[in-house]
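Comments concern the structure below.
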Amino acid sequence: MAATFFGEVVKAPCRAGAEDDEEEEEERRRETPEDREVRRQLARKREVRLLRRQTKASLEVALLEKYSCSRFIIAVGNNAVAFLSSFVMNSGVWEEVGCAKLWNEWCRTTDAVHMSPTEAHCVFYHLKSNPSVFGSCPKKNMQVTVLTCRHVTDYKTSESTGSLPSPFLKALKTQNFKDPVCCSLLEQPNIVHDLPAAVLSYCQVWQLPAVLYLCYTDVMKLDLLTAEAFKPVLSSRGLKGLAKNVPQSTEILRKLMTANEVQSNIYT
Amino acid sequence: MFVPCGESGPDLSGCTLLLPAVSVGNVGQLAIDLIISTLNMSKIGYFYTDCLVPMVGNNPYATAEENSTELSINTEVYSLPSRKLVALQLRSIFIKYKSSSFCEKLLSWVKSSSFARVIVLSSSHSYQRNDLQLRSTPFRYLLTPCMQDSAQNEIQSLNWQEMEKTPCIPEMSDSDYCVRIPGGGITRTLYQESCSKEIPMAVLLKFVSEGDNIPDALGLVEYLPTPSTLPWKIPSSWKLLFGSGLPPALF
């Protein structure tokens, strides 16, 4: 609880997230077998499903068993995806091999089965000319590269964030990643959350070589400067040789940005 | 599940396990950070789980350029073999409805590893204190029945105060009394489960308000049967706790 300047007493959020725990305990004590069954069914609906996007059939065999790979590249967020798609996936022929759908109570459909194919949250491709490269696997010889963006105000530094030359790249790597990185490492006390952190945690625990390239930017929507900030990563072992024609890819990226620009001038 | 850093798991039997509850002011976690940093404990493994929000960063206890680039994740296990001390650090919050599952997995690991005792460092909302608690020391302890016999003399010599039972439903005048730890996260679940599973556990907590909780963490570790006579070493990751530098143009 906190008293405000105006004399009200309000429930202040707790940064340790401990507020719900007593309520959760109370709920659990009052739970009937029917409540437990509802909770179990909800948990099953929230499971991530791997499917063939076109046929909506579940993948019978785990992707990495069917397609062994030495390089696994993941792009998270619109600028990272735009970069990967313009520079890497427009060079060479990439075949879609599956997608991952996930559902939770925030989705508009009632469950993952009824989601349309365009709502797949993650699509997997592999390079037809070099099937050992897997884009968008816990096999020992595999190297994982993750690309993502964060807002520059999330970056902690003793200077003011307003004076930082954004966009800029920072990297985090697992213990087993021995190659040089294309930019400086992310200094403490900065941290990363969510999917990129989950991937890197998995790789660190199971001793896989993995690197995360994080672009700090002040523009979170699709932006040419931000997507181009990933260019140094093209010289890394994870992406080496995958971008065939950089000037052409830059042009593709530029067109992608233009196509996605919302016309904001109401007079045209 | 526990995943060791090296090829084989270390022998943890007979060790004391220190762990924080993710609680108000993050006091337990700050205290564990102080202990790991001051005693220079080494990382021996991970408690890999999907129950906490994933998070990674570089070594939070780095003292030099050479050791600043080791990756850390949200749940890591450290040890100091000379004192048979093991510390589990939790660095993010629980995902909704997963805290009970985490407690089960944790206590199962405690049993299977044959730890001699468990000490949970925690905190509770200071605004929820009753009149008696307001007038006394802000530190409290709880011991599971099988810990009481072995720790009773030590407790008495330290003048700790046992956590009082308060009405389970404060609004009802004839409510039963039970141990409540508002803002304590999984503390109560861990304590109650350890009582029923006969795990020797001591909970040490402080009544705090959220804000700059470094003094609270320092207070809590001072209150422990000190594993260290050295001055407490603030970890390098504690800098910029309240954000980046300010733009000079502001002034």
Side-chain angles (χ1 to χ4, degrees), chain A residues 1-3 9 12-22 24-28 39 42-43 152-164 170-177 181 185-207 210 212, chain B residues 3 5 21-29 45-46 48 50 53-60 62 68-74 91-94 96-97 99-100 123 125 127-128 180-189 209-210 235-241 243-250:
Chain A
M1 296 300 227
V9 175
C14 175
R15 72 177 184 241
E19 286 306 328
D20 295 335
D21 296 319
E22 279 210 340
E24 239 181 84
E25 262 192 72
E26 260 313 300
E27 268 179 44
R28 227 158 259 288
R39 217 190 271 286
L42 267 176
V152 70
T153 50
D154 282 345
Y155 182 71
K156 288 208 181 127
T157 169
S158 49
E159 311 160 30
S160 148
T161 48
S163 61
L164 292 170
K170 289 287 177 185
L172 276 176
K173 58 187 175 78
T174 61
Q175 198 162 358
N176 284 56
F177 185 88
V181 290
L185 290 175
L186 186 65
E187 313 86 353
Q188 272 289 352
N190 292 290
I191 55 176
V192 175
H193 298 118
D194 303 332
L195 180 60
V199 171
L200 225 62
S201 298
Y202 183 92
C203 294
Q204 173 73 1
V205 169
W206 300 113
Q207 299 177 25
L212 161 65
Chain B
V3 180
C5 284
V22 180
S23 56
V24 55
N26 307 101
V27 175
Q29 295 158 287
Y46 310 93
Y48 191 58
D50 63 352
V53 171
M55 159 257 132
V56 289
N58 276 325
N59 184 6
S68 64
T69 58
E70 295 161 22
L71 195 71
S72 272
I73 69 166
N74 59 358
R91 299 196 172 100
S92 58
I93 54 174
F94 284 99
K96 206 167 166 65
Y97 302 125
S99 53
S100 312
S123 53
H125 282 305
Y127 73 81
Q128 293 256 14
R180 286 178 65 240
I181 309 175
I186 57 171
T187 311
R188 193 164 85 138
T189 309
S209 296
E210 213 159 69
S236 51
S237 57
W238 282 20
K239 60 183 186 228
L240 304 175
L241 267 182
S244 292
L246 297 170
L250 200 63

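Letters A, B, ... are given to chains in the order of the sequence lines, protein chains preceding strands, and every chain is numbered from 1.
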Rounded to the nearest 0.5 Å, what separation is found between the OG1 atom of B:T69 and the CD atom of A:E187?
12.0 Å
Best-contacting candidate, A:H193, A:K156, A:Q175, against chain B by heavy atom pairs under 4.5 angstrom:
A:K156
Leading residue by heavy atom contact count with chain A [cutoff under 4.5 Å; candidates B:L241, B:N58, B:V3, B:I73]
B:N58
For A:Q204 and B:Y48: C-alpha separation, side-chain torsions, deciding distance, then whether side-chain hydrogen bond (donor to acceptor under 3.5 Å, both in side chains) applies.
CA-CA 10 Å; A:Q204 173 73 1; B:Y48 191 58; over 6 Å; no
Is it the case that the side chains of B:S244 and A:T157 hold a donor-acceptor pair, with the cut-off being a distance below 3.5 Å and no angle test?
no
Side chain, backbone, both or neither: which part of B:N59 has a heavy atom under 4.5 Å from chain A?
backbone
Which atom pair, heavy atoms only, marks the closest approach of B:S237 to A:P189?
O-CB, 3.4 Å
